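Below is one structure, written out as structure tokens; the observations come after it.
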Amino acid sequence: MTNEVAVPLLPCPSIDDVIAFYEVLGFSTTYKQRKPYPCAGLQREGLHLQFFEIAGFDPEQSYGSCLVITPDITELHRAFAAGMRAAYGKILVSGVPRMTRPRTRKNADGLGGFSVIDPGGNWIRVFQKPATAPTPAPAPAGRLAKALANAVVLADSKGDAGQAVRILDSALARPRADDDPVTHLEVLVYRAELAMALNDRETATEMLARVEHITLNADETARAAPNFEIAADLAAALR
């Protein structure tokens, strides 16, 4: 058989809050009912999600999750980010709901991915569809790159931001003369993002200030451009 469709059914404390959030991301409501139980269906192009309401449900304790495989994670993240900026004036990076940035995952053969954590605490995990059969990605080069790769797995995949912070703080506490400055900057920006996720605004501000003191040449500045964009979004979220 072909053309089967699987639609996840995810819990939330309020279908109205979920609908409002996903509309910001460009979804439309395909179905909504209050009786005999509250539930709703949402759709954005070929992506379908359904939700059911549980009174008193705690999003922080949610285990709800699903995978979304797309040929272009960058474009989808950009669309979600634009919706957030239009509705909230910033990309949501802390609390519930929030969204992570696209990053390669060493536990997914180096494929890029990002996550949306919705008002129900559900993790919508978006991954890049490989153009061909996936092959293992090269191991990260350098101690900072290795620390960053491990931290991304723990925080963005497992949801353990606390352990990811400990890994990055340990790496940042032992600077070396041969550290790649672009990777150093990327680690600082990601550490700031994790601080925001943990509602630690003081550390986020400190990390972003340290970014400004890293000296880069022209080539390094070009390589670091995506992280400067992330840093600007984080700074806007701190205002």
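Bear in mind that the values here come from a model prediction, so they are computed numbers and not experimental data.
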Spacing of [X] atom [atom1] and [Y] atom [atom2] [to the nearest 0.5 Å]:
{"X": "Glu212", "Y": "Met207", "atom1": "CD", "atom2": "CE", "value": "13.5 Å"}
{"X": "Phe80", "Y": "Tyr22", "atom1": "CZ", "atom2": "OH", "value": "8.0 Å"}
{"X": "Ile124", "Y": "Leu10", "atom1": "CD1", "atom2": "CG", "value": "5.0 Å"}
{"X": "Arg210", "Y": "Leu208", "atom1": "CZ", "atom2": "CG", "value": "11.0 Å"}
{"X": "Leu168", "Y": "Leu144", "atom1": "CG", "atom2": "CG", "value": "9.0 Å"}
{"X": "Phe127", "Y": "Arg105", "atom1": "CZ", "atom2": "CZ", "value": "4.5 Å"}

* To do: Decide yes or no on side-chain contact (heavy atoms from CB on, under 4.5 Å) for Met196 and Leu238, but give the supporting numbers first.
  => CA-CA 8 Å; Met196 292 290 291; Leu238 283 168; 3.2 Å; yes

* Does the distance from a Lys or Arg side-chain N to an Asp or Glu carboxylate O, for Asp16 and Arg34, drop under 4.0 Å? ->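 So Asp16 pairs with Arg34 through a salt bridge.
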
* Determine, for Asp179 against Arg143, whether the closest basic-nitrogen to carboxylate-oxygen distance falls under 4.0 angstrom. =>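 Yes, Asp179 and Arg143 are salt-bridged.
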
So which atom in [X] and which in [Y] form the shortest heavy-atom distance, rounded to 0.1 Å?
{"X": "Ala204", "Y": "Ala195", "answer": "N-CB, 3.6 Å"}
{"X": "Asn199", "Y": "Gly95", "answer": "OD1-N, 4.4 Å"}
{"X": "Ala237", "Y": "Arg201", "answer": "O-NH1, 3.9 Å"}
{"X": "Phe57", "Y": "Pro13", "answer": "O-CB, 3.5 Å"}
{"X": "Leu49", "Y": "Cys66", "answer": "CD2-SG, 3.9 Å"}
{"X": "Ala155", "Y": "Tyr190", "answer": "CB-OH, 3.2 Å"}

If we only count heavy atoms from C-beta on, is the [X] to [Y] side-chain gap below 4.5 Å?
{"X": "Thr104", "Y": "Gln128", "value": "no"}
{"X": "Ile73", "Y": "Lys129", "value": "no"}
{"X": "Arg223", "Y": "Leu216", "value": "no"}
{"X": "Phe52", "Y": "Pro11", "value": "yes"}
{"X": "Val189", "Y": "Phe228", "value": "no"}
{"X": "Arg98", "Y": "Val93", "value": "no"}
{"X": "Met99", "Y": "Leu92", "value": "no"}
{"X": "Ser157", "Y": "Val152", "value": "no"}

Quick one: does [X]'s side chain have a donor or acceptor within less than 3.5 Å of a partner on [Y]'s backbone?
{"X": "Asp156", "Y": "Phe114", "value": "no"}
{"X": "Gln43", "Y": "Glu45", "value": "yes"}
{"X": "Thr183", "Y": "Ala145", "value": "no"}
{"X": "Thr100", "Y": "Ser115", "value": "yes"}
{"X": "Gln33", "Y": "Tyr37", "value": "yes"}
{"X": "Glu220", "Y": "Asn217", "value": "yes"}
{"X": "Arg191", "Y": "Asp169", "value": "no"}

* To do: Could you walk me through whether Phe27 and Leu47 pass the side-chain contact (heavy atoms from CB on, under 4.5 Å) test, one step at a time?
  => CA-CA 9 Å; Phe27 285 74; Leu47 178 54; 3.5 Å; yes

* Going through the checks in order, is the side-chain contact (heavy atoms from CB on, under 4.5 Å) test met by Leu76 and Arg44? -> CA-CA 11 Å; Leu76 188 58; Arg44 186 185 190 278; 3.4 Å; yes

Identify whether [X] and [Y] are in the same connected component of the hydrophobic contact network (ILVMFWY, side-chain heavy atoms under 4.5 Å).
{"X": "Val126", "Y": "Val18", "result": "yes"}
{"X": "Ile167", "Y": "Leu194", "result": "no"}
{"X": "Leu9", "Y": "Ile54", "result": "yes"}
{"X": "Phe21", "Y": "Val96", "result": "no"}

* To do: Determine whether the side chains of Thr74 and Arg78 contain a donor N or O and an acceptor N or O closer than 3.5 Å.
  =>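 The criterion, which ignores hydrogens and geometry beyond distance, is not satisfied for Arg78 and Thr74.
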
* Full working for side-chain hydrogen bond (donor to acceptor under 3.5 Å, both in side chains) between Arg174 and Ser170 -> CA-CA 7 Å; Arg174 302 191 307 273; Ser170 177; 2.7 Å; yes

